[in-house]
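A short write-up of the structure that comes next.
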There are 2 protein chains.
Amino acid sequence: MSRRPSLSDVAKRAEVSVSLVSRILSGDTTVRARPETQQRVHEVAAQLGYQPHGAARALRLSRAGALGLVVHEVSNPIHAEIIRGAQAAATAAGQVLLLSDAPELAANADAFAQLVGTGRIDGLMWQGSGEDYDDELVARAARQLPTVLVNSRPRAGVPALRLDDEAAARLAVEHLIGQGHRHIGYVGGRPGADLTERRYAGYLAALRDHDLPVRPEWTVEREWDAPAGHAAMAALLATDPRPTAVFVANVVVAVGALAAAREAGVAVPEQLSVIAVHDAWFVAHGAPPLTTVRLPLDRLGAEAVRLLLSGEGSPVPAGTAADGAAGGGGSAAMGDPGGGGDPVGGSAGRGIVLADPPPQLLVRGSTTRPEGMR
Amino acid sequence: MSRRPSLSDVAKRAEVSVSLVSRILSGDTTVRARPETQQRVHEVAAQLGYQPHGAARALRLSRAGALGLVVHEVSNPIHAEIIRGAQAAATAAGQVLLLSDAPELAANADAFAQLVGTGRIDGLMWQGSGEDYDDELVARAARQLPTVLVNSRPRAGVPALRLDDEAAARLAVEHLIGQGHRHIGYVGGRPGADLTERRYAGYLAALRDHDLPVRPEWTVEREWDAPAGHAAMAALLATDPRPTAVFVANVVVAVGALAAAREAGVAVPEQLSVIAVHDAWFVAHGAPPLTTVRLPLDRLGAEAVRLLLSGEGSPVPAGTAADGAAGGGGSAAMGDPGGGGDPVGGSAGRGIVLADPPPQLLVRGSTTRPEGMR
DNA sequence: TTGTATGCGTTATCAA
DNA sequence: TTGATAACGCATACAA
């Protein structure tokens with residue numbers, strides 16, 4: 001028959017027992033089998049193209065060999081970077097990556113159960129976007145699985161991985177200040193979202209450090225998409241006086257903001273400098289090419305994988321579903337991995353900041369000295 | 001203990017046998033159990049939060065309940081659309097989606113084996129990009145799994161799903177012609193790639209239909225990325241006479257092409273109209289906003305899932321690995337699903353064209369009547 | 001140095 | 001109307 005060869009097929013052909021084959025092929029060091037036997041087994045296995053059956057292994061070991069990644073919108077280039085990093089890291093660790101979509105999981109309870117409750121994955125990475133349903137779903141997931149939040153602060157007791165957004169914002173704003181700008185506006189993302197707040201903090205810190213005024217009407221927050229950026233920039237340009245430069249908290253938002261400036265007849269960078277956090281391939285080709293601060297988004301994904309695999313994901317609380325004894329699923333480890341973290345809480349609820357590599361300024365055409373300066 | 005509840009936990013608590021629970025919970029219609037028993041079982045299951053263990057199911061049923069999707073670059077917005085469609089369709093069908101990266105699979109044999117050879121997935125979707133390794137890898141995969149090529153013509157006997165690229169190109173070029181252009185250039189993607197050829201065919205057909213000349217020096221093909229588009233457009237603009245309009249075979253390429261025109265001081269659309277295949281959110285915010293032809297990329301992913309699930313993926317040839325009898329893995333069905341296909345070969349090697357919904361013209365600012373016309 | 005037996009959680013076959 | 005049992009493929013404790 002042409003079905004996939006199993007251990008017993010190999011065993012039969014090599015004329016040894018199944019268990020011996022298992023031990024030999026899995027590189028069990030305590031197996032002191034005859035060298036000739038070992039070789040024979042290896043040969044037969046190769047000949048037959050034997051590969052262990054994933055489900056059987058998962059069942060026996062009660063480890064799925066897979067990790068889940070939940071993202072809010074694949075088409076967002078920022079999320080794509082995270083996916084890329086996670087994908088590569090998972091593969092490198094011999095795990096497969098299961099991709100899912102947050103809005104869909106929120107809308108479809110079966111889908112959620114299918115992903116989280118069936119033992120298909122050993123850990124879950126959840127890209128938090130500050131949606132309302134995030135907290136609830138993440139909390140539910142964390143009850144069943146080691147879970148890590150990505151690009152978010154810790155919520156619902158689930159550890160979180162994030163980048164040094166404050167430093168990035170600071171770097172961006174300081175670039176503007178260095179060019180001589182003293183009137184700098186802020187376009188954020190969704191109000192109240194972690195990311196917005198952290199980047200706003202960096203913006204404020206930079207202004208403060210240089211004794212520059214903060215004007216409330218120059219702070220506009222809408223959403224994390226281009227239309228929102230468009231609206232925000234339009235609002236900002238309607239102020240009087242108007243800033244000579246704008247820091248935009250996200251490159252996607254910046255795309256809309258640039259379009260709004262263009263439509264308003266405000267030349268960038270001649271009349272208005274614009275800088276944004278995160279880089280995406282297409283902004284380098286824009287008019288003008290956008291100056292950005294790049295953050296290592298791919299590392300975010302990679303580090304999340306590492307965390308999960310090293311057992312530092314959210315510990316699964318004991319006595320969840322049925323009875324009530326101790327013993328647990330996810331092991332919990334301590335320590336502060338990753339570069340320069342600022343651990344917040346205890347074993348759960350930690351916030352880890354990936355500060356390495358640091359934010360990188362990519363100067364392109366959208367920033368320049370303010371008009372009338374020299 | 002706090003481990004996940006199993007069937008036997010439910011059975012114990014409901015005071016029935018495991019097999020009865022299994023049948024009741026799986027909605028077996030032939031199970032004529034007492035209504036009260038049924039209810040009790042359901043209650044206990046809900047109480048315990050019982051969910052069948054995926055691996056155990058997979059082992060028993062020899063179906064993984066998962067599909068694999070291999071893509072060449074997640075950050076490409078076009079690929080992201082495909083992923084999105086596949087993801088949604090898989091979830092809707094109760095399957096999970098396993099995402100992988102083609103270059104990585106090409107470089108890492110273990111990763112390939114892990115994805116394809118371990119029974120983790122019931123079918124594989126492979127986004128073909130005309131890379132050299134594609135043929136070989138797809139062929140290997142198809143020997144083990146029902147496989148479908150996405151956005152490609154059939155290769156290596158593997159059925160393929162694609163969009164009506166020729167119609168899209170035609171629609172785009174006819175839009176230009178309709179505006180009065182008679183000198184229309186072509187910027188393609190990777191030379192020799194299916195996509196390039198199909199779109200080129202549409203371009204040619206449109207010109208032919210309107211008795212417009214085809215000038216070899218106005219046909220430039222480089223690669224599927226923005227830098228290539230930049231180079232191609234630069235080459236095109238160096239011709240003399242130069243076309244008044246350019247059809248670009250891909251929106252990503254078009255981003256680079258627009259930048260090149262800008263740098264060359266050629267105003268779009270005043271001096272040069274540009275139109276491209278595929279739509280991406282950011283081009284609407286560009287300068288100028290790009291006119292595009294949208295194709296239902298998400299349906300491509302969704303339909304691939306449907307095909308695999310309905311058993312119309314590549315049939316796995318019998319007698320592959322070990323012995324040599326009949327009996328096979330993937331069932332093969334015939335028929336011509338999806339809208340208006342042009343099936344090419346037999347059961348394997350079919351090419352299915354998704355012609356519905358048809359290409360959609362999105363007129364934005366990058367096209368206009370040629371200069372000096374009225 | 002190697003083999004036998006057991007169990008992971010399900011489903012399916014058969015018997016009662 | 002229900003239950004006992006075998007089997008899916010593997011890893012391991014134990015026996016030889």
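Every value quoted in this text rests on a predicted model; they were computed, and no experiment measured them. Just so we're on the same page: letters track the sequence lines, and every chain starts at 1.
- The separation between A:Arg63 atom CZ and D:dG9 atom C1' is 16 Å, rounded to whole Å.
- Summarising the geometry, the separation between CG on A:Leu7 and P on D:dA7 is reported as 18 Å, rounded to the nearest angstrom.
- A 4.5 Å side-chain heavy-atom check between A:Glu312 and A:Arg306 finds at least one atom pair inside the cut-off.
- Residue B:Thr37 has a polar side-chain atom (N or O) positioned under 4.0 Å from OP1 or OP2 of D:dT2.
- The side chain of B:Leu61 approaches C:dA12 more closely than any other nucleotide in the set D:dG9, C:dG9, C:dA12.
- Rounded to the nearest 0.5 angstrom, A:Met125 CE and A:Leu67 CG are separated by 5.0 Å.
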Chi angles and distances behind the side-chain contact (heavy atoms from CB on, under 4.5 Å) call for B:Leu307, B:Val305: CA-CA 5 Å; B:Leu307 223 62; B:Val305 167; over 6 Å; no

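- Between A:Ile24 atom CD1 and D:dT12 atom C1' the separation is 15 Å, expressed in whole Å.
- For the contact set between residues 112-122 of chain B and DNA chain C, defined by any heavy atom under 4.0 Å, there are no members.
- Interatomic distance, A:Asp122 CG to A:Leu309 CG, rounded to the nearest 0.5 Å: 8.0 Å.
- Between B:Asp9 and B:Arg3 there is a salt bridge, with a side-chain nitrogen of the basic residue lying less than 4.0 Å from a carboxylate oxygen of the acidic one.
- Within residues 14-21 of chain A, the residues approached by DNA chain C to less than 4.0 Å at the level of any non-hydrogen atom are A:Val16, A:Ser17, A:Ser19, A:Leu20, in residue-number order.
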All N/O donor-acceptor pairs, side-chain side in residues 98-107 of chain B, below 3.5 Å, sequence neighbours left out:
{"from": "B:Asp101", "atom 1": "OD2", "to": "B:Glu104", "atom 2": "N", "distance (Å)": "3.3"}
{"from": "B:Glu104", "atom 1": "OE2", "to": "A:Thr91", "atom 2": "OG1", "distance (Å)": "3.1"}

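- Comparing C:dG9, D:dC10, C:dT1 by their closest approach to the side chain of A:Ala56 singles out D:dC10.
- No contact: A:Ser26 has no heavy atom under 4.0 Å from any strand.
- Residues B:Ile24 and B:His42 have side chains in contact (heavy-atom distance under 4.5 Å, counting atoms from C-beta outward).
- Among the heavy atoms of the strands, none lies under 4.0 Å from A:Gln38.
- Residues that satisfy the side chain to side chain contact (heavy atoms under 4.5 Å, CB included) test with B:Asp28, not counting sequence neighbours, are B:Arg23, B:Ser26, B:Thr30, B:Val31.
- Atom P of nucleotide D:dT12 and atom CG of A:Leu25 are separated by 13 Å, given to the nearest angstrom.
- Between B:His72 and B:Tyr133, the ring planes lie parallel to each other; the angle is under 30°, not in the 30° to 60° tilted range.
- For the side chain to side chain contact (heavy atoms under 4.5 Å, CB included) test, residues two or more places apart in sequence or in another chain that qualify with B:Ser17 are B:Ser19, B:Leu20.
- Under the 4.0 Å criterion applied to side-chain N and carboxylate O atoms, B:Arg40 and B:Glu43 are not assigned as salt-bridge partners.
- Between A:Asp298 and A:Ile82 there is no side-chain heavy-atom pair separated by less than 4.5 Å.
- One atom, CG of A:Asp9, and another, P of D:dG9, lie 8 Å apart when rounded to the nearest Å.
- You'll find that the side chain of A:Ser6 is closest to D:dC10, out of D:dC10, D:dT2, C:dG9.
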Produce the list of close N/O pairs, under 3.5 Å, pairing protein atoms with atoms of nucleotides 14-16 of chain D; give distances to one decimal.
none

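- For A:Arg57 and C:dT10, the CZ to C1' distance is 20 Å, given to the nearest whole Å.
- Rounded to whole Å, the distance from CD on A:Gln39 to P on C:dT1 is 16 Å.
- Across C:dT1, C:dT2, D:dC10, the shortest atom-to-atom separation from the side chain of A:Arg32 is found for C:dT1.
- The distance from atom NE2 of B:His53 to atom P of C:dG7 is 18 Å, rounded to the nearest whole Å.
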